[in-house]
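In what follows, chains carry the letters A, B, and so on, assigned in the order in which the sequence lines appear, proteins first and then strands, with residues in each chain numbered from 1.
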Amino acid sequence: MDEDNTSAVGEVPDEDAAAAPPASDPVETEAPAAASEDKVESTPAPPPPAEETAPASEEPKAAAAPAPPEAAPAPEIAAPKVAEAPQHPFLNRKDHYVKPDTRLPEDSELALAKAFLMSQSDKSNLNLYDHLTEVVMRILETRPADAVDVFETISADTKRSHFTVHKTGAPGAFLKVQDVPPASDVGAAQVKLFERSDLDAGAEETDGEIPDILDLATLWEWAGVSFGKEETFMLFLAIKRLIVEKPLKSVRLWGKILGTRANYIVIEGELREGAEDEDEAAANDTGEAGAPVPEEEEAAAPDAGGGAEEGAEGGEAQKIEYPKRKVKPTVPLPKEERTGVNKYVYYVCNYAGGVWTRLPDVVPEKLQAARRIRKYFTGDLKHKIVSYPPFNGNEAQYLRCQIARISAATVVSPAGYYAFDQEEDVDEDEENGAAQRIIINPEYEPLPNDQLVDPANWVHHVPYVLPQGRVKWENPTPPKNGDDEDGNDDEDRSDAGSEGGEGGDGEGEPAEPETGPPILSPLAGDEEHDGMASWVARMCSSLSPTKFSPVLLRCTRWPGATVISYNEKFANVYIGDGQRDTPRFVPPPLAELQKEYASGPGAPGTVEDITEQNDPTLAEETAFEEEKRAREEEQQEESDDEGDEGDENASDT
Amino acid sequence: MSFLCLDDVPYFTLAGFTLNIEERAALASSLQTKKAQEKLDNIWLWGKILGVQRDYLVAQALSSDDPFSRKFYYSIDLVNWLQLPEVVGPEMDKITQIPVRFSGDPAFEYTIAADSEEGEETVINEEKRLSGTVALINYETEIVPRGAYYRDAMHKLHKNTSFAGIPASELGQLTNYLHFREGFNVNKKTLLERANAFDESIDIFESVAGDTPKGVWSCQTERTGSVAILRSLLWPGYTFFHTATPPKWGSMYYGGGQRNLNTGFML
């Protein structure tokens, strides 16, 4: 007990000391702050006009003593340059203390201070307010001589006199409920990665290929890219788990997309041939829910028609005819199934160990829409994308589209690593260069590092995505779909040639097939981006011999896309926010307002020219009325005239 | 520890970037040498600006009594550090008008068209642009946790040695992070705001939660909620970390040195 007590005594002043500075601050800042200002003003006070000279006298003082820095930069402020251009607050900055103009009412300041003093300590269950009261009471009661010298003793003694239980298990002790931070399911999920499971044991042979991420991580680090050391290992375990659970032939760590609230780690996988992908339905289902705009419209149209009919039958009383929405019959372009842009499937999770979610397949219309917008990812796959022009989908679809765009533009390999599959049917190849199959060249000989540093020795091995949103061009069956080609100025890895050719969205004319650079075209063929080459290559180490220095390639079009290569190894990785580099993004202007009715001489349905006029004034109206009446009378008279002419003469006079 | 120690660089892997072995090794010695040569109180790594041809490493030195007067140094070869020139008012405006990336050559010259017809074209070299950009990024983004600095009764700014870090449960709240810059005006806060959760000695800077547009800071917790990572979306590349165990914080810039002008569309 003794020990406990002493330790308690030892602790208590400590804690007091720790609590003291913040405790005293709010109190002090009021009184002594004011006092100190008074001092500053009163020290040079002797000359009588103290108030006026006070600010002026502060400056020499500050210059003499460098201690108060808040006054020191003051002379700089006076420099004329600031006065000229106060555009950015940066140019006007100065470190000074701004005195509050208004203060809280004294009683509420007191209440705040008192509330602070009365906050209970977790350790001793005491608060400073009660403690001080007790100490002062005791001093007044016992009246010790030289009270100021024994103050600490009395304080410690008062504290000790309280009954406190230091051992948590002791009878009568209060058990404190700990504040639990919001459940860390992240930790729990990550622990699961380290548990052995039956899955690991049995499935060794059927496993697909997994990359040696840990080895690649050292390479990435050379390029200044990293997932974090521990995180990489956990990611490795998570990928190992993924490949057992899903029918994947091989996987690749595609990269990481940084979101505003959470990040996505993206895995690219190739499904085994013929394997059933049970996630496919679920992933694409969520996609379809937001997707089918045309369907919705079609569904809405008959409804409206039906409503109108019913109204007609029901009677005139509630016959409100809503204008029918004109639905353009757009037939969505068929999406590519397990080939082209959808050759690979993508799984994402928010953190290593999290649940892998399969992303939906790329739908051509969505890809076209994704090219026209720029949005940060939030980290929530179900988040609806609100943008102009509208994307009409959730973040999972947008993410998948961006991944397709980034892959097509930035996934590269050294020339010669892949070769065209010679056994492939030649006829098909001729029809569509982009659909040609490539295989890993068995005779590939790795290039030395000093040759890899030339972007000309690198080729794209992911097919180019046409403006249409597909790899293989599909003739849009009704040739009347002008919207499709809108995105053609915004291609990911475009070359000027393809853009010129595909303006053929004229109505009725058959659309001209879109073309792009063939697969395995060298990087040197990528058009310049914003006045600089699309790719920049350099050695990672400026000092080591080239043999030992990895080569780094950065894509300027997609900041964050990096390729790193070291002798026979190379790896593509993307870590970034998933946006193309656009210094100034200008969304397309709003379409012109639709006209409410057809006008002009040639417009269909026009009966006569409609011209706009001012409303008649009262005077004009009465004049018109009178004129009308006069005309009517005249007419009547005329009709009367026919009968009898004599009356007319009589009325004239 | 208020500025970036090289030991803390691994925290930034949580935001996807790091320095490679060569850089870390070289910086450890070259920065110390520079500090001795220039008789600086201290020198800290500030960040890396990615140029097209070469990257710039930037370091900052500050005087011990005023944390806001800084000197910046840059290096392209990891060894030789050169001081960045001061940028004055009108030039700063021109610098913000340059839309393209850094080229990697300090002598590269940008020609900026005149504002009006009678005005003259301005020529700014990349060294100057670098200086202006670094100062601007620093001003607009540098943050510290709330409570890490305080003003004493004489209104002098001090580092709070008894700052124990922001508790794990509050790491994700933006109100706990303050802009580390001068010019805070307490009168911009209403009395009502000052009546709750406001401490005159600690709340001496603006909180980043008030930055516009809303959502311009991305705040995430990593490592099972023990480290907070804040990324500026206005200056993509500025990353700040803070952890309470042990109480550490630091920030580093790793990016192209371009302000994101599209923030309004992207959030």
Taking side chain as everything from C-beta outward and backbone as N, CA, C, O, which of these in [X] sits under 4.5 Å from a heavy atom of chain A? Side chain, backbone, both or neither.
X	value
B/Tyr254	side chain
B/Asp77	neither
B/Pro167	neither
B/Leu191	both
B/Glu23	neither
B/Ala135	both
B/Asn187	side chain

Picking from [options], which has the most non-hydrogen pairs under 4.5 angstrom with chain B?
options	answer
A/Ser544, A/Gly560, A/Gly255, A/Gly224	A/Gly224
A/Val225, A/Thr582, A/Leu258, A/Ile575	A/Leu258
A/Pro559, A/Ser108, A/Ser387, A/Ala262	A/Ala262
A/Val386, A/Leu112, A/Thr232	A/Leu112
A/Gly379, A/Ala223, A/Ser226	A/Ser226
A/Asn263, A/Thr378, A/Val586, A/Leu543	A/Asn263

Contacting region of [X] [heavy-atom separation from chain B under 4.5 Å]:
X	result
A/Thr260	both
A/Leu104	both
A/Phe585	both

Which value, rounded to the nearest 0.5 Å, describes the distance between [X] atom [atom1] and [Y] atom [atom2]?
X	Y	atom1	atom2	result
A/Trp220	B/Thr18	CH2	OG1	14.0 Å
B/Leu233	A/Asp577	CG	CG	8.0 Å
B/Glu222	A/Tyr351	CD	OH	11.5 Å

If we define contacts as heavy-atom pairs under 4.5 Å, which of [options] has the most with chain A?
options	value
B/Val52, B/Thr96, B/Leu78	B/Val52
B/Ile204, B/Asp55, B/Asn260	B/Asp55
B/Glu170, B/Gln258, B/Arg181, B/Gln53	B/Gln53
B/Leu19, B/Leu14, B/Asn160, B/Thr263	B/Leu14
B/Ile21, B/Asn138, B/Leu136	B/Leu136

*Quick one: ring-ring contact (aromatic ring centres under 6.0 Å, His included) partners of B/Phe205, sequence neighbours excluded?*
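B/Phe180.
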
*Partners meeting side-chain hydrogen bond (donor to acceptor under 3.5 Å, both in side chains) with A/Asp107 (sequence neighbours left out)*: none

*Can you name the side-chain hydrogen bond (donor to acceptor under 3.5 Å, both in side chains) partners of B/Arg24, sequence neighbours left out?*
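With sequence neighbours excluded, B/Arg24 shows a side-chain hydrogen bond (donor to acceptor under 3.5 Å, both in side chains) to A/Glu221, given in chain and number order.
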
*Show your reasoning for whether side-chain contact (heavy atoms from CB on, under 4.5 Å) applies to B/Val100 and A/Met532.*
CA-CA 10 Å; B/Val100 295; A/Met532 56 197 161; over 6 Å; no

*Do side-chain atoms of B/Gln220 reach the backbone of A/Gly259 as a donor and acceptor pair under 3.5 angstrom?*
yes

*Give a yes or no answer on whether the side chain of B/Arg101 reaches the backbone of A/Thr556 with a donor-acceptor pair at less than 3.5 Å.*
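Side chain of B/Arg101 to backbone of A/Thr556, a donor-acceptor pair under 3.5 Å: yes, one is there.
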
*Give the C-alpha distance, both sets of side-chain angles, the deciding distance and a yes or no for side-chain contact (heavy atoms from CB on, under 4.5 Å) between B/Asn262 and A/Gln579.*
CA-CA 11 Å; B/Asn262 310 323; A/Gln579 303 299 331; over 6 Å; no

_Positions in residues 535-542 of chain A that reach chain B, provided some heavy atom is under 4.5 Å away_ =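 Hits under 4.5 Å: A/Val536, A/Arg538, A/Cys540, A/Ser541, A/Ser542.
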
_For A/Thr102 and B/Arg194: C-alpha separation, side-chain torsions, deciding distance, then whether side-chain contact (heavy atoms from CB on, under 4.5 Å) applies._
CA-CA 11 Å; A/Thr102 45; B/Arg194 274 190 261 165; 3.5 Å; yes

*Do A/Lys99 and B/His155 come close enough that some side-chain heavy atom pair is under 4.5 Å?*
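Result no, sub-4.5 Å side-chain heavy-atom pair not found.
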
